[in-house]
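Below you'll find the structure, written out as structure tokens, and then a few comments.
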Amino acid sequence: MLSLDITGYAARKRRCESVVEWFITKYLPRHHIYVEVLHRGLRREQSYGYCSVAGDVYKPREFLIEIDPKLDIELYTKTILHECVHLRQWVQGLLKERRGKMFYKDKTFDDLEYWEYPHEIEAHHLEEVYYMDYLRETGQAA
């Protein structure tokens with residue numbers, strides 16, 4: 001079950017709701033998850049989006065996805081899917097935080113650059129795959 005709140009300025013509510021519901025229904029159908037998608041300018045931070053745990057980091061089920069609403073529709077959709085991959089990593093226990101350190105599959109990656117983070121490599125790969133699946137399964141043209 002999914003509880004979804006879409007907030008912020010210039011939100012693409014229909015697309016956002018469609019993508020998040022498609023992802024959760026397909027990849028986490030048995031979990032009770034609360035997601036807030038906050039639309040806000042992220043250009044100063046040089047980012048398209050973020051996913052963070054909003055509640056307890058032990059077996060997290062509450063998440064905040066932040067996304068820049070000024071992205072073109074394709075990049076917007078891929079970014080939501082990318083952040084949903086991180087959400088799934090948290091829910092499945094692949095991505096964890098212990099004593100202020102992040103772990104992916106029980107290995108820390110503090111000494112790596114962003115593009116070398118294993119959870120980011122997975123998310124960047126899967127955002128492309130899931131984007132094509134989303135378009136095909138929702139009957140939209142690529």
Side-chain angles (χ1 to χ4, degrees), residues 1-138 140 142:
M1 186 177 102
L2 170 67
S3 294
L4 176 63
D5 284 328
I6 301 169
T7 60
Y9 70 92
R12 294 180 169 139
K13 290 189 177 186
R14 284 190 200 137
R15 175 54 68 112
C16 183
E17 184 175 42
S18 172
V19 173
V20 175
E21 285 181 355
W22 174 84
F23 185 91
I24 298 298
T25 300
K26 186 169 177 97
Y27 296 103
L28 296 168
R30 295 187 183 119
H31 295 278
H32 296 279
I33 296 172
Y34 169 79
V35 180
E36 178 185 354
V37 180
L38 172 63
H39 293 78
R40 69 180 187 89
L42 296 173
R43 292 202 176 153
R44 285 187 210 158
E45 298 170 44
Q46 298 179 344
S47 180
Y48 298 143
Y50 299 108
C51 175
S52 54
V53 175
D56 190 5
V57 293
Y58 177 74
K59 292 193 175 189
R61 296 298 183 263
E62 296 177 18
F63 299 90
L64 172 64
I65 293 176
E66 299 172 80
I67 187 165
D68 192 318
K70 293 182 180 175
L71 303 174
D72 68 60
I73 194 69
E74 180 178 337
L75 186 54
Y76 178 85
T77 304
K78 287 179 180 180
T79 301
I80 292 174
L81 290 168
H82 178 103
E83 301 312 328
C84 283
V85 170
H86 291 317
L87 185 151
R88 186 178 73 187
Q89 291 167 337
W90 279 104
V91 169
Q92 293 177 333
L94 300 173
L95 193 57
K96 298 177 184 176
E97 182 182 332
R98 288 188 221 127
R99 295 181 296 275
K101 282 190 159 192
M102 297 290 293
F103 292 83
Y104 180 72
K105 295 184 179 179
D106 294 322
K107 294 181 182 173
T108 187
F109 47 86
D110 290 344
D111 56 337
L112 300 175
E113 296 292 323
Y114 169 83
W115 290 104
E116 297 173 318
Y117 292 171
H119 66 290
E120 291 295 345
I121 292 170
E122 179 183 48
H124 282 288
H125 167 71
L126 290 176
E127 76 183 40
E128 298 292 332
V129 174
Y130 293 163
Y131 178 70
M132 297 310 292
D133 288 348
Y134 170 78
L135 293 180
R136 187 179 65 253
E137 293 176 20
T138 58
Q140 300 176 44

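Note: hydrogens, waters and symmetry copies are ignored here, and every other heavy atom, side chains too, is used. Along the sequence shown, the residues carry numbers beginning at 1.
Rounding to the nearest 0.5 Å gives a distance of 15.5 Å between NE2 of H119 and NZ of K107. Atom CD of E83 is separated from atom CD of Q89 by 10.0 Å, given to the nearest 0.5 angstrom. I65 contributes atom CD1, which lies 5.5 Å from atom CG of L87 (distance to the nearest 0.5 angstrom). Taken from CG in L71 to CZ in R43, the straight-line distance is 7.0 Å, to the nearest 0.5 Å. A distance of 4.5 Å separates CD1 of I73 from CZ of R12, quoted to the nearest 0.5 Å. Within the model, atoms CG of L4 and CZ of F63 stand 13.5 Å from one another, a figure rounded to the nearest 0.5 Å.
Scanning both residues, V20 and C84, for their nearest heavy atoms gives CG2-SG, 4.3 Å. Here the closest heavy-atom approach between residue W90 and residue E97 is recorded as CZ3-N, 3.8 Å. Closest of all the heavy-atom pairs between K101 and T108 is CD-OG1, 4.4 Å. Between H39 and C16, the shortest heavy-atom distance links the atoms CE1-SG, 4.2 Å.
A distance-only check finds no donor-acceptor pair linking the side chain of Y130 to the backbone of A123 [under 3.5 Å]. Side-chain atoms of E116 come within 3.5 Å of backbone N or O of E113 as a donor-acceptor pair. The backbone N or O of Y134 sits less than 3.5 Å from a side-chain atom of T138, completing a donor-acceptor pair.
Separation of the Y104 and Y117 ring centroids does not fall under the 6.0 Å cut-off.
Here the side chains of W22 and D133 are in contact, with some heavy-atom distance below 4.5 Å.
The pair R44-D68 does not meet the salt-bridge criterion, since no charged nitrogen lies less than 4.0 angstrom from a carboxylate oxygen.
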